[in-house]
Amino acid sequence: MTPMAASGRRIAGMQSRSFGPGEVVFRQGDAGQREAYLVHEGTVEVRRRTPNGEQVLRTLAKGDLLGEVAFFSDGPHSATALAIGRVTLLVVPADRLEHLVRTKPNLGIAIIRQLARMAAIEDDRPRP
């Protein structure tokens with residue numbers, strides 16, 4: 001597993017991690033770390049290896065959640081996340097995200113909507 005770059009910087013009371021252009025945030029198949037990431041600055045491209053090569057699934061920008069599939073499934077990352085330009089991610093540990101979802105129902109609904117959009121995109125992809 002490629003280690004995440006650690007900046008040690010705190011933003012809004014949360015740990016952040018910074019990445020340079022082309023750096024891998026996590027790779028498809030890496031074990032999840034019981035944390036999700038919120039894009040604070042920059043753009044992250046999410047890619048998946050398929051029998052036909054690597055496909056770009058989506059591009060994430062400020063305010064988008066990353067790593068939530070491995071987080072919620074308690075499994076390995078289902079895709080590779082790559083920094084496009086300089087990127088700063090806020091680290092959201094499992095206990096904090098669960099607390100936020102319980103105390104801020106609108107956040108829980110936003111996460112469910114994002115997961116539904118991702119599932120719809122997957123369903124629309126042509127199969128090999």
Side-chain angles (χ1 to χ4, degrees):
M1 177 171 123
T2 302
M4 289 187 137
S7 69
R9 198 169 115 201
R10 293 186 81 73
I11 300 171
M14 298 178 74
Q15 181 66 37
S16 70
R17 295 194 183 132
S18 297
F19 300 86
E23 281 190 273
V24 173
V25 176
F26 53 76
R27 293 190 189 283
Q28 182 176 340
D30 284 353
Q33 301 298 309
R34 292 291 295 146
E35 55 190 23
Y37 314 96
L38 190 64
V39 179
H40 181 68
E41 295 174 342
T43 306
V44 176
E45 196 170 79
V46 179
R47 303 172 176 187
R48 180 177 293 148
R49 284 186 314 271
T50 69
N52 297 327
E54 199 168 70
Q55 293 182 335
V56 175
L57 300 178
R58 62 193 182 280
T59 302
L60 304 175
K62 185 172 184 158
D64 288 331
L65 194 61
L66 175 66
E68 72 284 349
V69 173
F71 174 87
F72 284 111
S73 70
D74 244 353
H77 287 287
S78 61
T80 297
L82 184 70
I84 305 300
R86 299 273 323 142
V87 170
T88 301
L89 302 176
L90 300 181
V91 180
V92 186
D95 59 341
R96 182 151 186 189
L97 184 58
E98 289 170 7
H99 173 76
L100 286 170
V101 168
R102 289 180 206 279
T103 59
K104 300 189 183 302
N106 288 344
L107 176 62
I109 290 169
I111 291 169
I112 291 167
R113 284 186 178 137
Q114 182 171 342
L115 292 170
R117 280 193 301 272
M118 290 168 38
I121 289 168
E122 269 306 297
D123 287 346
D124 289 344
R125 289 196 184 282
R127 304 286 180 226

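Below, each value reflects all heavy atoms present in this structure, side chains not excepted, and no hydrogens, waters or symmetry copies. This chain uses plain numbering: 1 for the first residue, then up along the sequence. Everything numeric here is computed off the predicted structure, so don't read it as measured data.
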Contact between [X] and [Y] at the side-chain level, heavy atoms closer than 4.5 Å - yes or no?
{"X": "Leu82", "Y": "Val25", "value": "no"}
{"X": "Val44", "Y": "Asp64", "value": "no"}
{"X": "Tyr37", "Y": "Val92", "value": "no"}
{"X": "Gln28", "Y": "Ser78", "value": "no"}

Please identify each residue that fulfils salt bridge (charged side-chain N to carboxylate O under 4.0 Å, His left out) with Arg34, with sequence neighbours left out.
-> Asp74, Glu98
Among all residues two or more places apart in sequence or in another chain, which pass the side chain to side chain donor-acceptor pair (under 3.5 Å) test with Glu45?
-> Arg47
Restricting to non-hydrogen atoms, name the atom on [X] and the atom on [Y] that form the minimum distance, rounded to 0.1 Å.
{"X": "Ala79", "Y": "Val46", "value": "CB-CG1, 3.5 Å"}
{"X": "Thr88", "Y": "Ser16", "value": "CG2-CB, 4.0 Å"}
{"X": "Leu65", "Y": "Ala36", "value": "CD1-CB, 4.0 Å"}
{"X": "Ala81", "Y": "Leu66", "value": "CB-CD1, 3.9 Å"}
{"X": "Ala83", "Y": "Phe19", "value": "CB-CB, 3.8 Å"}

Pair Arg17 + Glu23: basic N to acidic O under 4.0 Å = no
First locate atom [atom1] of [X], then atom [atom2] of [Y], and finally report the distance between them rounded to the nearest 0.5 Å.
{"X": "Asp30", "Y": "His77", "atom1": "CG", "atom2": "NE2", "value": "6.0 Å"}
{"X": "Arg49", "Y": "Glu54", "atom1": "CZ", "atom2": "CD", "value": "7.5 Å"}
{"X": "Glu35", "Y": "Leu90", "atom1": "CD", "atom2": "CG", "value": "11.5 Å"}
{"X": "Arg86", "Y": "Thr43", "atom1": "CZ", "atom2": "OG1", "value": "13.0 Å"}

Which pairs, with at least one residue in residues 85-111 and sequence neighbours excluded, count as a ring pair (Phe, Tyr, Trp, His ring centres under 6.0 Å)?
-> none
